[in-house]
Amino acid sequence: MAIVIIRQDDKIELWKKALLAQQPDLEVYSYLEKHPKEKIDMALVWKHPNGALAPYPNLKLIASSGAGVDFIFEDDTAPKNLPITRVVDDMLAKDMSEHVLAVILSHLKNLDRYRVNQLKGIWQPMQYHRISDFTIGILGLGALGKELAGDLVKYGFKVQGWSNSQKNIQGVTSFVGEPGLGEFLKTTQILVCLLPLTEATTGILNKELFKQLPKGAFVINVARGGHLVDEDLLEMLNNGHLSGAGLDVYHQEPLPKEHAFWNHEKIQMTPHYASVSDTDSVVPQILENHNRLLNNKPLLNEVVMDKGY
Ligand code: GLV
């Protein structure tokens with residue numbers, strides 16, 4: 001029984017060390033080293049190359065090392081009918097909440113626009129805004145959205161959320177499903193997308209949705225590039241309907257050099273770093289699931305296949 005780590009960045013050794021530190025007798029391999037394929041029962045993956053999950057005849061579990069699992073569904077060659085798990089982690093949720101708060105405050109206090117003016121040598125005080133002036137709307141009230149919502153309420157924002165089912169979070173107005181979306185958007189001044197990327201949510205951040213936000217609204221996408229229709233965002237920023245956007249995720253990462261987002265004054269970009277799994281924090285749930293797999297016990301954070309998250 002062994003685990004294989006499959007990812008294309010430079011973090012394979014980091015994950016291996018973290019797993020071994022917490023369970024020294026574990027058999028764990030990088031997919032790049034020579035390893036006994038038939039012994040692998042669990043693959044720990046992050047944006048693996050297409051086809052990399054195919055060579056394991058006894059694979060029983062695909063574990064994402066992040067919160068998202070969209071990249072697993074996108075791989076047509078990944079074995080079907082195997083359980084998939086994702087990461088649900090307090091540190092991941094806290095980090096995301098801190099990042100989004102930073103982007104919101106930067107927008108609210110005009111820091112993003114002052115930076116643009118500074119580089120041009122422009123001294124021009126802008127309208128002052130306070131936390132109490134703003135309603136934040138969060139698309140998606142899963143583990144990450146819930147954490148953010150709670151934190152924003154503590155800071156004194158008006159907070160509302162939109163999700164598939166009614167959520168009861170203190171101080172947060174809950175809007176549900178297609179019928180609730182219009183009302184939710186109408187009063188949302190800063191929109192934060194924290195949805196999972198599924199067939200139903202692909203391209204949800206589009207012109208039709210943006211038009212339902214009040215003029216001057218600000219959009220933050222920290223979920224997946226696939227949620228956003230890039231041209232629609234650019235159009236709505238350029239015609240003045242939206243005041244700006246904070247983006248952490250893109251259709252293609254790294255974002256190609258020629259993409260229009262790079263030089264857009266109203267777009268604040270970060271390179272998919274808002275919230276990244278911390279190995280020490282996440283490894284216990286990975287090991288716990290490997291143990292549960294060996295003992296035929298129900299898995300933690302298992303993806304519901306019909307929902308895609
Ligand atoms: C990061 O994007 C994650 O899904 O954990």
N/O donor-acceptor pairs under 3.5 Å from side chains in residues 167-182, not counting sequence neighbours:
{"residue": "K167", "atom": "NZ", "partner": "S165", "partner atom": "OG", "Å": "3.4"}
{"residue": "S174", "atom": "OG", "partner": "K167", "partner atom": "N", "Å": "3.1"}

Quiz: residues 11-22 side-chain donor-acceptor pairs under 3.5 angstrom, not counting sequence neighbours:
{"residue": "K16", "atom": "NZ", "partner": "E33", "partner atom": "OE2", "Å": "2.7"}
{"residue": "Q22", "atom": "NE2", "partner": "D280", "partner atom": "O", "Å": "3.4"}

Quick one: side chains of residues 297-309, donor-acceptor pairs under 3.5 Å with protein atoms, not counting sequence neighbours, listed by atom name and distance.
{"residue": "N301", "atom": "ND2", "partner": "Q285", "partner atom": "OE1", "Å": "3.0"}

List, one per line, each side-chain donor-acceptor pair under 3.5 Å for residues 211-220, sequence neighbours excluded.
{"residue": "Q212", "atom": "NE2", "partner": "E208", "partner atom": "O", "Å": "3.2"}
{"residue": "K215", "atom": "NZ", "partner": "G240", "partner atom": "O", "Å": "3.1"}

Side chains of residues 128-136: which donor-acceptor partners sit under 3.5 Å, not counting sequence neighbours?
{"residue": "Y128", "atom": "OH", "partner": "K109", "partner atom": "NZ", "Å": "3.1"}
{"residue": "D133", "atom": "OD2", "partner": "R130", "partner atom": "N", "Å": "2.8"}

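Side chain of S64 to backbone of G66: a donor-acceptor contact under 3.5 angstrom is found.
With sequence neighbours excluded, the residues that form a side-chain hydrogen bond (donor to acceptor under 3.5 Å, both in side chains) with H264 are N238. Not counting sequence neighbours, the partners of T187 by the side-chain hydrogen bond (donor to acceptor under 3.5 Å, both in side chains) test are Q160. Partners of S163 according to the side-chain hydrogen bond (donor to acceptor under 3.5 Å, both in side chains) rule, which considers only residues two or more places apart in sequence or in another chain, do not exist here. Partners of K34 by side chain to side chain contact (heavy atoms under 4.5 Å, CB included), not counting sequence neighbours: none found.
Residue L294 belongs to a hydrophobic cluster whose other members are M1, with links defined by side-chain heavy atoms closer than 4.5 Å. Through direct or relayed side-chain contacts under 4.5 Å between Ile, Leu, Val, Met, Phe, Trp and Tyr, Y114 connects to M126.
Within the structure, the ring-ring contact (aromatic ring centres under 6.0 Å, His included) test picks out the following pairs touching residues 25-52 (sequence neighbours left out): Y29-H35, H35-Y56, W46-F71, H48-F71.
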